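Okay, structure first, notes after.
Along the sequence shown, residues are numbered consecutively beginning with 1. It should be emphasised that the depicted structure is a prediction, and the values quoted were computed from it without experimental measurement. Values below: every heavy atom of this structure, side chains too, minus hydrogens, waters and symmetry copies.
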Amino acid sequence: MDTYVEAQRQALHIPGLALAIAQGDKVAYMHGYGQAAADGRAVTAQTPFMIGSVTKSFTALAIMQLVEAGRVELDAPVQQYLPWFRVADPQASAQITVRHLLNQTSGFSTGSGMQEDLASDLSDAAIEAAVRRLADDPLAHAPGTVYEYSNVNYNILGLIVQTVAGQSYERYIQEHIFDPLEMQRSFTSLDPAAAAGMASGHLIWFGMPIPKDLPFNRGGLPSGHLISSAEDMAHYLIAQLNDGRYGNERVVSPQGIAAMHQPAVPQQTPEEYYGMGWEIGQIEGVPTVFHGGDNPNFKAHVLRFAVGLADGHSLAMGSAA
């Protein structure tokens, strides 16, 4: 495996990457490849990277925790939790539900979600400010009718989390996901991640990586700006593989995990569906639950699959890179 990954890293001009594999309830493999920064520091399984839209699965998990606590209803309108919430169409504003946001069927366009990509708001009000800016946003579709991937959906969900929980999105994720899953090198902001040796980001220019630090936008945190290491993501995968349990901790019920992994709406690609913060499809005929992350200067990918064995049982595995 090391030989293959290292050969691919060099062929694709990837400065550095980390890989972890969870099998059952254990971390089966983890390793770093290449350099984390221009100073030659090696990537390890503990090196933090920005995980991009893999963040959406964390936000979905936070919502599901609040659903199971009886504090959020999946089919309730967003205005039940954010009474001031508006888009350009007043009638549509009242029709968008929590489930629509999770399934990416709210009607927001992909373009609407890109508006926050290059913003840089580090204030405590950043997530709310990002959602309030949607007041004049025209929807691309009627709520609940069409799948269209948009970061906007998960920024709104992040605001629901912090409004209902009565604490910041960052604090909620730390206390209810990072801490119970022993994700000790996972972060919700840049400064502590940098102090822990976060890898440098890169842009691809004519096929070659160029070191680049782009603005960190707290307003887009719930849709794509969490930071984690391969080792920590393996802990997260163990919970996904074991019905919400990691060691003696349970972050959500088996029913909650099943609901998030359930194919809910078809995507444009044949035989691929969106669930709640997860995509569902197949890789070479093997059923797979996965999600990618693609920030301007980082990439990530997480997948969960079951491999059939000769005795008729299956082996659940997941990998994070």
**Report entry** Minimum heavy-atom distance between A36 and T47, given as atom pair plus value
**Finding:** CB-CG2, 4.2 Å
Query raised in the report: Got a donor-acceptor contact below 3.5 angstrom from the H13 side chain to the M208 backbone?
Result: no
Query raised in the report: Linking Ile, Leu, Val, Met, Phe, Trp and Tyr by side-chain heavy atoms under 4.5 Å, what else ends up with I204?
Result: none
Query raised in the report: In Å and rounded to the nearest 0.5 Å, what is the CE to CG distance from M183 to L226?
Result: 8.5 Å
Report task. Report yes if some heavy atom in the side chain of L19 is under 4.5 Å from a heavy atom in the side chain of M1; otherwise report no. Result -> yes
Report task. Report yes if the side chains of V72 and V161 come closer than 4.5 Å at any heavy-atom pair, otherwise no. Result -> no
Query raised in the report: Can you tell me how far CZ of R245 sits from CD1 of I257, rounded to the nearest 0.5 angstrom?
Result: 11.5 Å
Report task. Answer with yes or no whether the side chains of Y274 and K56 bring together a donor and an acceptor at under 3.5 Å. Result -> no
Report task. Let me see the working for S53 and Y149 under side-chain contact (heavy atoms from CB on, under 4.5 Å), right down to the final yes or no. Result -> CA-CA 11 Å; S53 286; Y149 188 95; 3.0 Å; yes
For residues 138-148, dump all side-chain donor-acceptor pairs below 3.5 Å to protein atoms at least two apart in sequence or in another chain.
residue : atom : partner : partner atom : Å
H141    : NE2  : E148    : OE1          : 2.6
T145    : OG1  : A142    : O            : 2.6
Y147    : OH   : Q267    : OE1          : 3.1
E148    : OE2  : T110    : N            : 2.9
E148    : OE2  : T110    : OG1          : 3.4

Report task. For side-chain contact (heavy atoms from CB on, under 4.5 Å), just list the numbers for Y236 and S57, CA-CA rounded to whole Å, side-chain angles, deciding distance to a tenth of an Å, and then say yes or no. Result -> CA-CA 10 Å; Y236 182 63; S57 67; 2.8 Å; yes
Requested in this report: Show the numbers, then the answer: is there a side-chain contact (heavy atoms from CB on, under 4.5 Å) between E272 and E279?
Outcome: CA-CA 7 Å; E272 286 194 4; E279 298 179 73; 4.3 Å; yes
Query raised in the report: Between S168 and R171, is there a donor-acceptor pair closer than 3.5 Å when you use the side chain of the first and the backbone of the second?
Result: yes
Query - Positive for ring-ring contact (aromatic ring centres under 6.0 Å, His included) with H225, one of F49, F298, F187, F216 - result: F216
Query - Working for side-chain hydrogen bond (donor to acceptor under 3.5 Å, both in side chains), residues Q174 and E170 - result: CA-CA 6 Å; Q174 184 68 51; E170 292 93 332; over 6 Å; no
**Report entry** Taking every non-hydrogen atom, the tightest pair across Y246 and P180
**Finding:** CD2-O, 3.8 Å
Query raised in the report: Is any NZ, NE, NH1 or NH2 atom of the basic residue among E128 and R132 found under 4.0 Å from an Asp or Glu carboxylate oxygen of the other?
Result: yes
Query raised in the report: Of all heavy-atom pairs between P48 and A193, which one has the smallest distance, and what is that distance?
Result: CG-O, 4.2 Å
Query raised in the report: Is the number of heavy atoms from other residues, nucleotides or ligands within 6.0 Å of CD (E175) greater than 12?
Result: yes
Requested in this report: Report yes if some heavy atom in the side chain of Q104 is under 4.5 Å from a heavy atom in the side chain of Y154; otherwise report no.
Outcome: yes
Query raised in the report: With side chains defined as the heavy atoms from C-beta onward, is the minimum distance between I227 and I51 less than 4.5 Å?
Result: no
Query raised in the report: Does the N103 side chain pair with the main chain of T105, one donor and one acceptor, at a distance under 3.5 Å?
Result: no
Report summary line: Here the pair of heavy atoms bringing A62 nearest to I173 is CB-CD1, 4.2 Å
Requested in this report: Heavy atoms only: give me the nearest R304-L241 pair and the separation to one decimal.
Outcome: CG-CD2, 3.4 Å
**Report entry** Heavy-atom side-chain contact between V302 and F290 under 4.5 Å
**Finding:** no
Report summary line: Distance col, row L181:CG vs Q240:CD, nearest 0.5 angstrom, shows 9.0 Å
Requested in this report: Have a look at M260 and tell me which of L61, I280, L102 forms a side chain to side chain contact (heavy atoms under 4.5 Å, CB included) with it.
Outcome: L61
Requested in this report: Evaluate whether atom CG of D39 has more than 12 neighbouring non-hydrogen atoms of other residues, nucleotides or ligands under 6.0 angstrom away.
Outcome: yes
**Report entry** Min side-chain heavy-atom separation F85-I96 under 4.5 Å
**Finding:** yes
Report task. Start with the C-alpha gap between L190 and M198, add the side-chain angles, then the distance that decides, and say whether side-chain contact (heavy atoms from CB on, under 4.5 Å) holds. Result -> CA-CA 9 Å; L190 279 181; M198 179 177 169; 3.9 Å; yes
**Report entry** Step-by-step salt bridge (Lys or Arg N to Asp or Glu O under 4.0 Å) determination, D294 to K299
**Finding:** CA-CA 5 Å; D294 191 358; K299 291 185 181 293; 2.9 Å; yes
Report task. Verify, without hydrogens or angle tests, whether S112 (side chain) and F108 (backbone) share a donor-acceptor contact under 3.5 angstrom. Result -> no
Query raised in the report: When rounded to the nearest 0.5 angstrom, what is the spacing between CG in D191 and CG in L122?
Result: 8.5 Å
Query raised in the report: Is it true that D121 and R218 make a salt bridge, defined as a side-chain N closer than 4.0 Å to a carboxylate O?
Result: no
Report task. Assess the pair H291 and W278: is the distance between their ring centroids shorter than 6.0 Å? Result -> no
Query raised in the report: Heavy atoms, side chains only, cut-off 4.5 Å: are D2 and H31 in contact?
Result: yes
Query - Side-chain heavy-atom pair L74, M276 within 4.5 angstrom cut-off - result: yes
Query raised in the report: Any donor and acceptor pair, going by atom type alone, linking the side chain of N155 with main-chain N or O of I127 inside 3.5 Å?
Result: no
Report summary line: So CG of D243 and CD of Q255: to nearest 0.5 Å the spacing works out to 8.5 Å
Report task. Nearest 0.5 Å please: distance from the CD1 atom of I177 over to the OG1 atom of T188. Result -> 11.5 Å
Query raised in the report: Got a donor-acceptor contact below 3.5 angstrom from the D232 side chain to the S228 backbone?
Result: no
Query - Within residues 59-86 or reaching into it, pairs that qualify as side-chain hydrogen bond (donor to acceptor under 3.5 Å, both in side chains) - sequence neighbours excluded - result: T59-Y169, Q65-Y172, E68-S253, D75-R99
Query raised in the report: If Ile, Leu, Val, Met, Phe, Trp and Tyr residues are connected whenever their side-chain heavy atoms lie under 4.5 Å apart, and connections chain through other members, are L203 and F206 in the same group?
Result: no
Report task. Work out which heavy atom in A300 is nearest to a heavy atom in V54; give both atom names and the distance. Result -> CB-CG2, 4.2 Å
Report task. Say whether, by atom type as modelled, one donor and one acceptor occur between the side chain of H100 and the main chain of T97 under 3.5 angstrom. Result -> yes
